[in-house]
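First up is the structure itself, then whatever we jot down about it.
Just so it is clear, the values below take in all heavy atoms, side chains as well, and ignore hydrogens, waters and symmetry mates.
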Amino acid sequence: SHGISGNVFNSYNFGGALIFHDIKTFIDGRAEQLFLGGFITEVMKTAEPGGEALFEQQLQKYQIDWTLLGPADPRIGLLDKMPDWQRAYADEFAVVHVRKLPGS
């Protein structure tokens, strides 16, 4: 209903569901085989205390348009505070944020 499209930053656990729905993932169970050079380590650091700046850098670097995270994910609080992002959906299983369009 929100017309969400573009690049997603998803929690690891949502990878399989996204693949099933033919949505390109940010990270999934294949990550260890596909990505080398510390990619997984960097992603994990974004959810740790002090990882806020790295998370913001990854949102820019990978041109992320929306996020799909578990409700306990600490990055949700950061997204809620970021002026260029808005919460589009939340329930007991997932929280979705979308990047605001310029001028909105």
Quiz item: What is the distance from atom OG of S11 to atom CD1 of I76, rounded to the nearest 0.5 Å?
Solution: 7.0 Å
Quiz item: How far apart are the C-alpha atoms of V95 and H97, what are their side-chain angles, what is the distance that settles it, and do they pass the side chain to side chain contact (heavy atoms under 4.5 Å, CB included) test?
Solution: CA-CA 7 Å; V95 178; H97 283 82; 3.6 Å; yes
Quiz prompt | Hphob cluster co-occupancy, Y12 + L54, side-chain heavy atoms under 4.5 angstrom | solution = no
Self-check item: Rounded distance (nearest 0.5 Å) linking atom CD1 of I19 with atom CZ of F14
Solution: 13.5 Å
Quiz item: Which distance, rounded to the nearest 0.5 Å, do you find between the CD1 of I27 and the CD of E42?
Solution: 11.5 Å
Quiz item: Going by the salt bridge (charged side-chain N to carboxylate O under 4.0 Å, His left out) test, which pairs reach into residues 62-84, not counting sequence neighbours?
Solution: D73-R75, D80-R87
Quiz prompt | Inter- and intrachain pairs under salt bridge (charged side-chain N to carboxylate O under 4.0 Å, His left out), touching residues 47-57, at least two apart | solution = none
Exercise. Report the distance from atom NZ of K45 to atom CD of Q58, rounding to the nearest 0.5 Å.
Key: 10.5 Å
Practice problem: Would you check, one step at a time, whether the test side chain to side chain contact (heavy atoms under 4.5 Å, CB included) holds for L79 with L59? | Solution: CA-CA 10 Å; L79 286 161; L59 293 174; 4.1 Å; yes
Quiz prompt | Where A47 and P74 come nearest, the two heavy atoms and their spacing | solution = O-CG, 3.1 Å
Practice problem: Could you tell me which residues satisfy side-chain hydrogen bond (donor to acceptor under 3.5 Å, both in side chains) with D91, sequence neighbours excluded, listed by chain and number? | Solution: Y89
Quiz prompt | With sequence neighbours excluded, residues passing ring pair (Phe, Tyr, Trp, His ring centres under 6.0 Å) with F9 | solution = F26, F55
Practice problem: Check salt bridge (Lys or Arg N to Asp or Glu O under 4.0 Å) between K24 and all other residues, then give those that pass, not counting sequence neighbours. | Solution: none
Quiz item: Does a sphere of radius 6.0 Å around CD in E92 hold more than 12 heavy atoms from other residues, nucleotides or ligands, not counting ones at 6.0 Å or beyond?
Solution: yes
Quiz item: When you measure from the side chain of W66 to the backbone N and O of G6, does any donor-acceptor pair fall under 3.5 Å?
Solution: yes
Quiz item: Quick one: which of L69, V8, I4 gives a side chain to side chain contact (heavy atoms under 4.5 Å, CB included) with V96?
Solution: I4
Quiz item: For the atom pair CG (N10) and CG (L18), what is the distance rounded to the nearest 0.5 Å?
Solution: 5.0 Å
